[in-house]
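All values below were derived from every heavy atom in this structure, side-chain atoms included, with hydrogens, water molecules and symmetry-related copies excluded. Numbering of residues begins at 1 and proceeds along the displayed sequence.
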Amino acid sequence: MRLLCLSNGHGEDIIAVRILHALRAYPQIQEVAVLPLVGEGHAYQSAAATLAGPTQAMPSGGFVYMDGRQLLKDVRGGLVQLTLRQMGAIKTWAKAGQSQGRHQSLVLAVGDIVPLALAWRSGLPYAFVGTAKSEYYLRDEVGLLPRQSRWDEWEAWSGSVYLPWERWLMRRSRCRAVFPRDRLTTEILSQKRIPAWNLGNPMMDGLEPRSQPNLDQHPWGNCLRVLLLPGSRPPEAYGNWQQLLQGCDSVLSSFSGRKMAFLGAISPGLELEPLVQMLTRYGWRSMEDQSQSLVPGSLNFRRGNCGLQLSQTAYADYLHLGDLALAMAGTATEQFAGLGKPVLSVAGDGPQFTAAFAEAQTRLLGASVTLVQAPGEMGAAVQQLLTDPDRLQLIVHNGHQRMGAPGAAHLIAAKLVDLWHPGRST
């Protein structure tokens, strides 16, 4: 078995890598190549795979669908030429397998219609991991969601969040399997004669904490712990951070005198200095005492009887330690909600976390996310949330239902092998 993996975004690259790691357990996989269509694919460095074609970072960072101006910047930055070269590389990879007599080649597309269409164009059998779309954007288990305008309601015109041309690509005889991100989407696609399998969402894999502090004995163990998720894309994340600090102020005002800890999960791609400078302006004072750290190596700050910690290496630990989150992020918000925990969000200036993105994310995650109009409303929203145990229990169930349990990457890998080598994936 010979495999080429296509993905179009940093988050999609990470999901693809998880599946590729799971495929390592199968000796049937003798050759693996990858082609990240957006960015330079740094996530693939641990995948022990061959790069099949050219890569290039684009000005938009992959968010072309959110703003026509971002698309224009990418076109000027060489997007069309890059895409043509990548299409040629895919064809070359496909022909190389044929010339070597290897007929069991497969293209695995991870993301949206772009890698899916390129997988179809390869002329080879292909499978699709749909990370970008979910029926929850349009409906829940009861029916279609109410929308703000008639134009919004037209999103459901074709009967699925996946449009007819996307479903056409999934129904081709060479499309051997589609792995949607949740059960509801799988059910809708199956009704439309698409070979869809509900094996979970790989986004929930790899989130095991590295350290497990004894919270019963830790200074910040017996208090409310609030996760802060500003996103990963500079310079947007710095503006988001300021809004989240305003949200922290609102929470502190609503819980005056209560001891609590804020946990800032900061992307390694961000500079810490601007974040620390903003903390200082908001009255947080640096502390050297590492005994206050919930995870090793964090930066610690204090304001009154409350603490704030920053880490660029303890993302999974902070996801598990946080009781609730103030978030302006994409994937991180979904993962935290998938752990059954509540999220409060506020729209930013973009280009990613805009008002439209935040509203769509609220539809995707349902009861797990509370969208407020301004950071100053976060305190009252948290107060209302924590006094409603029925809603908190609903959030636990809702998060697990919409995001699934860990283990999807291994299930998808096993299904891929079984499709080409029946009975040999066990």
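- Shown here are the side chain to side chain contact (heavy atoms under 4.5 Å, CB included) partners of Ser253, two or more places apart in sequence or in another chain: there are none.
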Go through the steps for Phe301 and Leu310 under the test side chain to side chain contact (heavy atoms under 4.5 Å, CB included), then give the verdict.
CA-CA 9 Å; Phe301 301 83; Leu310 299 183; 4.1 Å; yes
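- In terms of heavy atoms, Gly247 sits closest to Leu326 at C-CD1, 4.0 Å.
- Here Ile90 contributes atom CD1 and Leu118 contributes atom CG; the two are 4.5 Å apart, rounded to the nearest 0.5 Å.
- Residues satisfying the salt bridge (charged side-chain N to carboxylate O under 4.0 Å, His left out) criterion with Arg139, sequence neighbours excluded, are Glu135.
- Pairs passing the side-chain hydrogen bond (donor to acceptor under 3.5 Å, both in side chains) check and including a residue from residues 316-331, sequence neighbours excluded, read Ser211-Asp317.
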Evaluate the side chain to side chain contact (heavy atoms under 4.5 Å, CB included) criterion for residues Leu416 and Phe179: first the C-alpha distance (whole Å), next the side-chain angles of each, then the deciding distance (0.1 Å), finally the verdict.
CA-CA 10 Å; Leu416 289 173; Phe179 304 105; 3.9 Å; yes
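- Two residues are said to be in side-chain contact when any heavy atoms from C-beta on lie closer than 4.5 Å; Leu392 and Leu385 meet this criterion.
- Other residues, nucleotides and ligands contribute only 12 or fewer heavy atoms inside 6.0 Å of the CD atom of Gln212.
- Under the 4.5 Å side-chain criterion, counting only non-hydrogen atoms from C-beta, Pro230 is not in contact with Leu275.
- Residues Arg391 and Thr370 have side chains in contact (heavy-atom distance under 4.5 Å, counting atoms from C-beta outward).
- Remark: side-chain polar atoms of Asp182 are paired, donor with acceptor, to backbone N or O of Thr185 under 3.5 angstrom.
- Proximity of Tyr315 to Gln335: side-chain heavy atoms (C-beta onward) are separated by under 4.5 Å at one or more points.
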Side chain to side chain contact (heavy atoms under 4.5 Å, CB included) for Val382 and Met260? Distances and angles first, verdict last.
CA-CA 13 Å; Val382 171; Met260 62 180 65; over 6 Å; no
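- Residue Leu163 holds its CG atom at 6.5 Å from CH2 of Trp157, rounded to the nearest 0.5 Å.
- No donor-acceptor pair closer than 3.5 Å links the side chain of Gln383 to the backbone N or O of Phe255.
- Looking at Asp205, its side chain does come within 3.5 Å of a backbone N or O of Ala409 through a donor-acceptor pair.
- Remark: the backbone N or O of Gly283 is not paired with any side-chain donor or acceptor of Arg303 at under 3.5 angstrom.
- Of the possible polar contacts, one joining the Gln309 side chain to the Gln292 backbone as a donor-acceptor pair under 3.5 Å is found.
- Remark: Gln148 CD is loosely packed, at most 12 non-hydrogen atoms of other residues, nucleotides or ligands lying under 6.0 Å away.
- Looking only at distances, no side-chain donor or acceptor of Ser254 sits under 3.5 Å from a matching main-chain atom of Val251.
- Atom OG of Ser190 is separated from atom CG of Asn198 by 8.5 Å, given to the nearest 0.5 angstrom.
- Remark: the backbone N or O of Gln352 is paired with a side-chain donor or acceptor of Glu236 at under 3.5 angstrom.
- Counting only heavy atoms from C-beta outward, the side chains of Ser160 and Leu189 approach each other to under 4.5 Å.
- Gln30 CD to Met1 CE: the interatomic distance, rounded to the nearest 0.5 Å, is 11.0 Å.
- Annotation: side chain of Ser368 is not in contact with side chain of Met403 (no heavy-atom distance under 4.5 Å).
- At least one side-chain heavy atom of Leu270 sits under 4.5 Å from a side-chain heavy atom of Tyr238.
- Note on residues 258-283: pairs passing side-chain hydrogen bond (donor to acceptor under 3.5 Å, both in side chains), not counting sequence neighbours, are Gln246-Tyr282, Glu273-Gln277.
- Nearest heavy atom pair, residue Trp241 against residue Ile266, reads CZ3-CD1, 4.0 Å.
- Partners of Trp93 according to the ring pair (Phe, Tyr, Trp, His ring centres under 6.0 Å) rule, which considers only residues two or more places apart in sequence or in another chain, do not exist here.
- A donor-acceptor pair under 3.5 Å links the side-chain atoms of Glu377 to the main chain of Gln373, judged by distance alone.
- Among all heavy-atom pairs drawn from Pro54 and Leu35, the shortest one is O-CD1, 3.6 Å.
- Heavy atoms of other residues, nucleotides or ligands lying less than 6.0 angstrom from CG of Asp349 number 12 at most.
- Of all the heavy atoms in Asp13 and Ser7, the pair that sits closest is OD1-OG, 2.5 Å.
- You'll find the side chain of Leu419 reaches within 4.5 Å of the side chain of Lys415, heavy atoms only.
- Other residues, nucleotides and ligands contribute more than 12 heavy atoms inside 6.0 Å of the CD atom of Glu141.
- Atom OG1 of Thr333 sits about 11.0 Å away from atom CG of Leu344, to the nearest 0.5 Å.
- Under the side-chain hydrogen bond (donor to acceptor under 3.5 Å, both in side chains) criterion, the residue pairs touching residues 14-24 are His21-Arg24, His21-Ser46, with sequence neighbours excluded.
- With hydrogens and angles disregarded, a donor-acceptor distance shorter than 3.5 Å links the side chain of Arg363 to the backbone of Tyr137.
- To the nearest 0.5 Å, atoms CD (Gln312) and CG (Leu272) are separated by 3.5 Å.
- Smallest separation of non-hydrogen atoms from Leu207 and Ala316: O-CB, 3.5 Å.
- Inspection of the Asn300 and Asp289 side chains reveals no N or O donor paired with an N or O acceptor under 3.5 Å.
- Residues Pro202 and Ile19 share a closest heavy-atom pair of CG-CD1, 4.5 Å.
- Between the Arg210 side chain and the Thr313 main chain, a donor and an acceptor come within less than 3.5 Å of each other.
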Test log, rule side chain to side chain contact (heavy atoms under 4.5 Å, CB included), inputs Cys5 and Val110:
CA-CA 7 Å; Cys5 186; Val110 181; 4.2 Å; yes
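- Paired with Glu334 under the rule salt bridge (Lys or Arg N to Asp or Glu O under 4.0 Å), one option of Lys341, Arg402, Arg181 passes, and it is Arg181.
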